[in-house]
Amino acid sequence: MGIPPSLQQLLGYLCLEPESHCHRERVVEALWPDMGPEVGRRRLNTAVWRARALFGTGRDEVLQVSRSGTLRLDRCRIEVDVVEALLGLGEQNRGAAALGDHRALDLLAAGARIDPQDFLVGCCDDWACDARKHLEVSVLSALETLVHASTTPAKTIAWGELLLRRDPLREDMHRLLIRLYAETGRRPEALRQYETCQQVLRQELGVEPLVETALLAAAVRAGVPPLSPDVPDPALLMRELSAALAACRTAADQIERAITLFVRD
């Protein structure tokens with residue numbers, strides 16, 4: 001069923017509203033802000049007429065208009081993917097999923113798989129752009145919850161990879177994947193993940209990976225076990241190790257100079 005763009009915008013706007021209803025004047029202001037009230041109302045009337053022509057009227061109508069001017073979507077007669085996604089991405093489900101609630105995990109997973117940029121493609125109105133941004137933040141938060149709530153390395157890796165596709169600058173997630181790849185015997189993929197992290201940070205931010213990321217990659221490259229992620233403060237530990245390494249190099253230089261002087265004497 002082909003839905004005209006103006007009707008898509010109206011349905012999209014209403015589905016984002018609490019209980020999927022809103023007064024017609026507010027709808028006009030949101031969808032046609034640069035037009036006069038009369039023109040906006042005419043466009044709204046046309047969109048409502050098209051909705052009734054497509055979906056039916058009377059008791060079966062999907063888009064209902066009350067005498068007071070309130071527009072409402074009948075959620076019993078229409079499935080709205082973005083609303084279901086928002087419900088799945090809700091804070092309550094994120095909290096329950098973090099505690100291992102299987103139903104909450106399923107809802108969160110369904111919402112986390114959506115692409116916010118698919119919502120009303122081509123609509124650049126402020127409310128639609130804000131909705132996509134809100135969805136993007138919710139999806140990233142859901143993905144992070146799923147990463148930490150996963151019970152197997154394979155699931156953790158899968159959610160981590162998806163999160164990095166959405167937010168490639170998350171260096172902590174790059175480190176997690178490097179570690180998991182190495183721990184599951186996928187050393188080449190661990191090293192490629194580090195190279196990807198290095199390339200992204202250089203291109204986007206003009207910086208190198210953090211010391212802990214570089215040391216983790218070095219441990220994988222050398223085939224030695226990486227530091228445990230359960231240490232109280234990995235960043236502080238890495239800095240202390242770097243300082244200790246620098247001190248060892250200084251001591252080695254001093255010893256080498258002393259040996260040289262001794263030989264000369």
Exercise for review: Starting at CG of D115, measure out to CZ of R166 and round the result to the nearest 0.5 Å.
Suggested key: 5.0 Å

Review point. Are any of the side-chain heavy atoms of L140 and E136 separated by less than 4.5 Å?
Key: yes

**Study point:** Contact check, side chains of L162 and R165, non-hydrogen atoms, under 4.5 Å
**Key:** yes

Check your understanding: Looking at V200 and P168, what are the two nearest heavy atoms and their distance?
Key -> CG1-O, 3.6 Å

**Study point:** H174 side-chain N/O to Q198 backbone N/O, donor-acceptor pair under 3.5 Å
**Key:** no

Check your understanding: Going by an N to O cut-off under 4.0 Å, is there a salt bridge joining R41 and E38?
Key -> yes

Point to revise | L176 side chain reached by T156 side chain, heavy atoms, under 4.5 Å | key: yes

Review point. In terms of hydrophobic clustering (I, L, V, M, F, W, Y; side-chain heavy atoms under 4.5 Å; direct or indirect links), are Y194 and L210 co-clustered?
Key: no

Study note, to complete from the structure: Rounded to the nearest 0.5 Å, the CG atom of D172 sits from the CG atom of L177 at a distance of 10.0 Å

Review point. Looking at L10 and L31, what are the two nearest heavy atoms and their distance?
Key: CA-CD1, 3.8 Å

Check your understanding: When hydrophobic residues are tied together by side-chain contacts of less than 4.5 Å, even through go-betweens, does L169 share a cluster with M173?
Key -> no

**Study point:** D126 CG: over 12 foreign heavy atoms closer than 6.0 Å
**Key:** no

Exercise for review: Indicate yes or no: at least one non-hydrogen side-chain atom of Q193 is less than 4.5 angstrom from one of L164.
Suggested key: yes

Practice item. Without swapping roles, check the side chain of T46 against the backbone of R42 for a donor-acceptor pair under 3.5 Å. Key: yes

Exercise for review: Report yes if some heavy atom in the side chain of R202 is under 4.5 Å from a heavy atom in the side chain of Q199; otherwise report no.
Suggested key: no

Revision key, fill the gap. Note: L143 and A112 closest approach over all heavy atoms is CD2-CB, 3.8 Å

Review point. Rounded to the nearest 0.5 Å, how far does CZ of R221 lie from CG of L215?
Key: 11.0 Å

Practice item. Over all heavy atoms of both residues, which pair between E144 and L163 is shortest? Give the atoms and the distance, please. Key: N-CD1, 3.6 Å

Check your understanding: Any idea which heavy atoms bring T184 and P153 closest together, and the distance?
Key -> CG2-CB, 3.9 Å

Exercise for review: Determine whether W32 and W49 fall in the same hydrophobic cluster, where Ile, Leu, Val, Met, Phe, Trp and Tyr are linked whenever their side-chain heavy atoms lie under 4.5 Å apart.
Suggested key: no

Check your understanding: Do V27 and Y13 have side-chain heavy atoms sitting under 4.5 Å apart?
Key -> yes

Practice item. Report yes or no: do V139 and V137 belong to one cluster of Ile/Leu/Val/Met/Phe/Trp/Tyr joined by side chain heavy-atom distances under 4.5 Å? Key: no

Revision key, fill the gap. Taken to the nearest 0.5 Å, the spacing of L71 CG from R26 CZ works out to 12.0 Å

Review point. Can you find a heavy atom in the side chain of E29 that is under 4.5 Å from one in the side chain of W127?
Key: no

Review point. Between P209 and L201, which heavy-atom pair has the shortest distance, and what is it?
Key: CA-CD1, 3.7 Å

Exercise for review: Enter the distance from E208:CD to C197:SG here, rounded to the nearest 0.5 Å.
Suggested key: 9.5 Å

Exercise for review: Could you tell me which residues satisfy ring pair (Phe, Tyr, Trp, His ring centres under 6.0 Å) with Y181, sequence neighbours excluded, listed by chain and number?
Suggested key: none

Check your understanding: Are side-chain heavy atoms of E183 and L180 found at a separation under 4.5 Å?
Key -> yes

Review point. Roughly how far, to the nearest 0.5 Å, is the CZ atom of R43 from the CD atom of Q9?
Key: 9.5 Å

Exercise for review: Name all residues meeting the side chain to side chain donor-acceptor pair (under 3.5 Å) criterion together with R175; count only those two or more places apart in sequence or in a different chain, and write none if there are none.
Suggested key: T213

